[in-house]
Amino acid sequence: MEIAGKNIVITGAGRGMGRQFAMDLKKLGAKPYALDVIQENLDALKNETGIPGKVVDVTNEDEVAAFFDSYTAENGAPDVLVNNAGITADSLFIKKKGDDIKKFSLSNWQKVIDVNLTGVFLCAREASAQMVKHGVKGLILNISSVSRHGNVGQTNYSATKAGVAAMTVTWAKELSRAGIRAVAIAPGFIRTEMTEKIDQKIIDKITVMIPSGRFGEMKEISRTVQFIIECDYVNGRTLDIDGGLRI
Ligand code: CAA
């Protein structure tokens with residue numbers, strides 16, 4: 001698929017990697033549209049780049065469906081959905097503190113499942129419904145993570161990112177009859193606001209496990225997004241772009 005002129009909806013595009021994807025795709029002539037939950041970030045993106053956006057909570061079924069209806073009525077069906085919105089709420093599964101045993105909280109489990117798994121499910125469902133309805137041979141591009149292989153402190157996040165990879169295969173198999181591809185990227189540790197929160201001691205510990213010897217850059221994942229859009233034979237796979245790290 002050529003990038004120029006394409007309708008590309010990107011979730012979680014108010015900042016971080018999603019913002020980078022949107023800016024880079026716009027430079028290549030695409031028509032990106034940003035979704036996020038923080039209005040100020042969308043305003044800043046619009047002011048700096050002219051990229052339009054809307055506050056949509058990806059966990060809310062009615063909001064997601066209404067957005068894809070109105071977006072399609074205005075612009076035509078999306079050619080590409082980049083399912084990028086994701087959160088972390090890290091903590092050890094079980095931690096012994098003196099005589100106390102601290103357990104991974106159900107609320108931290110649930111909130112990450114809601115955004116990273118249900119959100120991806122809802123956006124992909126609504127975007128692909130519009131593609132099928134309007135005969136658009138599009139692409140569902142999901143952002144998984146190297147944590148899909150399991151990572152210390154990320155029981156919830158790892159489960160969602162493995163789920164995203166599995167849903168990608170399922171959708172590639174099901175949607176191929178409509179000419180729609182489904183592909184995922186599993187970024188490794190990339191320099192973003194999300195990884196900035198990690199303690200330096202742990203960053204050092206992780207870095208020595210990365211054969212490339214460093215965290216990745218957002219641009220490097222953005223290049224992968226562009227490659228996947230352009231190369232029609234990439235389908236049903238999750239590409240680990242992680243400097244060689246497999247946890
Ligand atoms: N890899 C390897 N070792 C890790 C680790 C990791 N990701 N996270 C924690 N550890 C180790 C710590 O170094 C520590 O080891 P020692 O006891 O030998 O010192 C041990 O696990 C316990 O950790 P803490 O002492 O930090 O325990 P805590 O209860 O205070 O905090 C935690 C637990 C919140 C999970 C904290 O360790 C943490 O934030 N870890 C980082 C988790 C992580 O990797 N998150 C990735 C965020 S970025 C992201 O998610 C994007 C993506 O797609 C990759």
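Because only heavy atoms are used, hydrogens play no part in the values below, and waters and symmetry mates are left out as well, while side chains stay in. For reference, positions follow the sequence shown, starting with 1. Just follow the structure's listing: the first ligand is 1, and inside any ligand the first atom is 1.
Taking Q39 as the reference, D43 meet the side-chain hydrogen bond (donor to acceptor under 3.5 Å, both in side chains) condition, with sequence neighbours excluded. For R214, the side-chain hydrogen bond (donor to acceptor under 3.5 Å, both in side chains) partners are E220, not counting sequence neighbours.
Looking from atom 46 (C) of ligand 1 to the surrounding protein, the closest heavy atom is Q154 NE2, 3.4 Å. If you check which protein heavy atom lies closest to atom 14 (C) of ligand 1, you get K205 NZ, 3.9 Å. Counting protein heavy atoms only, atom 6 (C) of ligand 1 is closest to V152 CB, 3.7 Å. Protein heavy atom nearest atom 48 (S) of ligand 1, with residue, atom name and distance: T195 CG2, 3.6 Å. With respect to atom 34 (C) of ligand 1, the closest heavy atom belonging to the protein is D90 O, 3.7 Å. When only non-hydrogen protein atoms are considered, atom 36 (C) of ligand 1 lies nearest to I202 CD1, 3.8 Å. With respect to atom 27 (O) of ligand 1, the closest heavy atom belonging to the protein is K95 NZ, 3.5 Å. For atom 22 (C) of ligand 1, the closest heavy atom belonging to the protein is L92 CD1, 3.8 Å.
For ligand 1, the atoms sitting less than 4.0 Å from at least one non-hydrogen atom of S145 are 52 (C), 53 (O), 54 (C), numbered in the order shown with element in parentheses. With ligand atoms numbered from 1 in the order given, ligand 1 contributes 54 (C) to contacts under 4.0 Å with heavy atoms of S147. Short contacts between ligand 1 and G153, defined as distances under 4.0 Å to a heavy atom of the residue, involve ligand atoms 35 (C). Using a 4.0 Å cut-off to heavy atoms of K201, the atoms of ligand 1 that qualify are 19 (O). Atoms of ligand 1 found under 4.0 Å from any heavy atom of M194, numbered from 1 in the order shown, are 49 (C), 51 (C). Residue-ligand proximity, T88 to ligand 1, at heavy-atom distances under 4.0 Å covers atoms 50 (O).
Side-chain contact between V82 and V9 is absent, with no heavy-atom pair separated by less than 4.5 Å.
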Problem set entry | Full working for side chain to side chain donor-acceptor pair (under 3.5 Å) between S222 and D24 | CA-CA 7 Å; S222 192; D24 292 347; 2.7 Å; yes
Exercise. For R19 and I10, what are the C-alpha separation, side-chain angles and deciding distance, and is it a side-chain contact (heavy atoms from CB on, under 4.5 Å)?
Worked result: CA-CA 8 Å; R19 189 181 211 273; I10 305 165; over 6 Å; no
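Using a 4.0 Å cut-off between a side-chain N of Lys or Arg and a carboxylate O of Asp or Glu, R246 and D242 qualify as a salt bridge. Ionic pairing of R148 and D240 is present here: one or more N-O contacts between side-chain nitrogen and carboxylate oxygen are shorter than 4.0 angstrom.
Aromatic ring pairs are classed by plane angle as parallel below 30°, tilted from 30° to 60° and perpendicular above 60°; the pair F67 and Y71 is tilted.
Of the inter-residue distances, the one linking K137 atom NZ with L175 atom CG reads 12.0 Å to the nearest 0.5 angstrom.
For atom 50 (O) of ligand 1, a protein heavy-atom neighbour is present inside the 4.0 Å cut-off.
Which of N151, D199, V208, V146 comes nearest to atom 43 (C) of ligand 1 through a heavy atom is settled by distance: it is N151.
In this structure a side-chain-to-backbone donor-acceptor pair under 3.5 Å is present from T11 to A85.
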